[in-house]
Amino acid sequence: MSMKPKAEQLKEAARILRVMAHATRLEIIRLLDKKKGLSVGEIQSSLGISQSMTSQHLTALKNVGIVFDRKEANIRYYGIKNKKVMSLLKCLNNCCE
């Protein structure tokens, strides 16, 4: 198992934090943690935002490896790929109490 150099780890952490630093994205992560395999439409209706905004947020989360997607027929479902972000989210929630 190869370890990333410290500088690489810090760059990756900063990249993930930049993507997570958005209230809607944090809410998407929370939703996906509670209910596994939500469609774009289900996430959209839960958050009350447009389909295009929902897709943009999910793409950003997917690009940094926080979520994964799978396609069934014409529907794309999303779930949490990097479970470690849930620890970070718990830490953030504790900081904001």
Side-chain angles (χ1 to χ4, degrees):
M1 177 198 230
S2 70
M3 294 289 293
K4 290 182 182 177
K6 186 87 167 168
E8 290 291 318
Q9 287 177 323
L10 293 174
K11 285 179 185 177
E12 183 65 14
R15 195 170 85 106
I16 289 170
L17 289 171
R18 272 192 303 275
V19 169
M20 288 183 68
H22 194 289
T24 301
R25 292 180 188 152
L26 292 173
E27 185 65 19
I28 289 171
I29 293 168
R30 187 188 66 76
L31 280 172
L32 292 175
D33 185 51
K34 286 184 176 183
K35 295 184 178 182
K36 314 301 184 234
L38 291 174
S39 70
V40 174
E42 290 168 324
I43 295 167
Q44 171 195 354
S45 66
S46 292
L47 299 179
I49 60 175
S50 70
Q51 186 273 332
S52 63
M53 283 302 291
T54 304
S55 293
Q56 288 176 23
H57 288 304
L58 287 165
T59 297
L61 292 167
K62 184 180 172 191
N63 287 342
V64 295
I66 294 173
V67 301
F68 69 90
D69 67 330
R70 73 177 193 289
K71 193 171 182 180
E72 291 180 17
N74 290 333
I75 302 173
R76 192 167 300 275
Y77 293 92
Y78 287 84
I80 300 291
K81 179 178 182 180
N82 184 347
K83 303 287 186 191
K84 293 176 184 178
V85 298
M86 299 318 301
S87 297
L88 179 57
L89 197 55
K90 283 182 186 178
C91 180
L92 290 171
N93 287 336
N94 288 336
C95 290
C96 297
E97 287 182 344

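What you see below is based on every heavy atom in this structure, not just the backbone, and it leaves out hydrogens, waters and symmetry mates.
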Any residue meeting salt bridge (charged side-chain N to carboxylate O under 4.0 Å, His left out) with [X], in chain and number order, not counting sequence neighbours:
{"X": "R18", "result": "none"}
{"X": "K62", "result": "D69"}
{"X": "E42", "result": "none"}

Output the distance between atom [atom1] ([X]) and atom [atom2] ([Y]), rounded to the nearest 0.5 Å.
{"X": "S39", "Y": "K71", "atom1": "OG", "atom2": "NZ", "answer": "13.5 Å"}
{"X": "Q44", "Y": "L38", "atom1": "CD", "atom2": "CG", "answer": "12.5 Å"}
{"X": "H22", "Y": "I29", "atom1": "NE2", "atom2": "CD1", "answer": "11.5 Å"}
{"X": "L61", "Y": "T24", "atom1": "CG", "atom2": "OG1", "answer": "10.0 Å"}
{"X": "L17", "Y": "E12", "atom1": "CG", "atom2": "CD", "answer": "10.0 Å"}

What side-chain donor-acceptor pairs closer than 3.5 Å can you find for residues 48-58, not counting sequence neighbours?
unit_1, atom_1, unit_2, atom_2, d
S50, OG, S52, OG, 3.3
S50, OG, M53, N, 3.1
Q51, NE2, S55, OG, 2.9
T54, OG1, S50, O, 2.8
S55, OG, Q51, O, 3.2
H57, ND1, R25, NE, 3.0

Answer yes or no: are there more than 12 heavy-atom neighbours, outside K90 itself, under 6.0 Å from its atom NZ?
no
Compare every heavy atom of L32 with every heavy atom of Y78, then report the nearest pair and how far apart it is.
O-CD2, 3.3 Å
Remaining members of I75's ILVMFWY cluster at a side-chain heavy-atom cut-off under 4.5 Å?
Y77
Should M86 and I16 be regarded as members of a common hydrophobic cluster, given that ILVMFWY residues are connected when their side-chain heavy atoms come within less than 4.5 Å of each other, either directly or indirectly?
yes
Do F68 and M20 sit in the same hydrophobic cluster, where Ile, Leu, Val, Met, Phe, Trp and Tyr count as joined when their side-chain heavy atoms come under 4.5 Å apart?
no
Salt bridge (Lys or Arg N to Asp or Glu O under 4.0 Å): pairs with one or both residues in residues 46-61, sequence neighbours excluded
none
Within the structure provided, determine whether L47 and L31 are in side-chain contact (heavy-atom separation under 4.5 Å).
yes
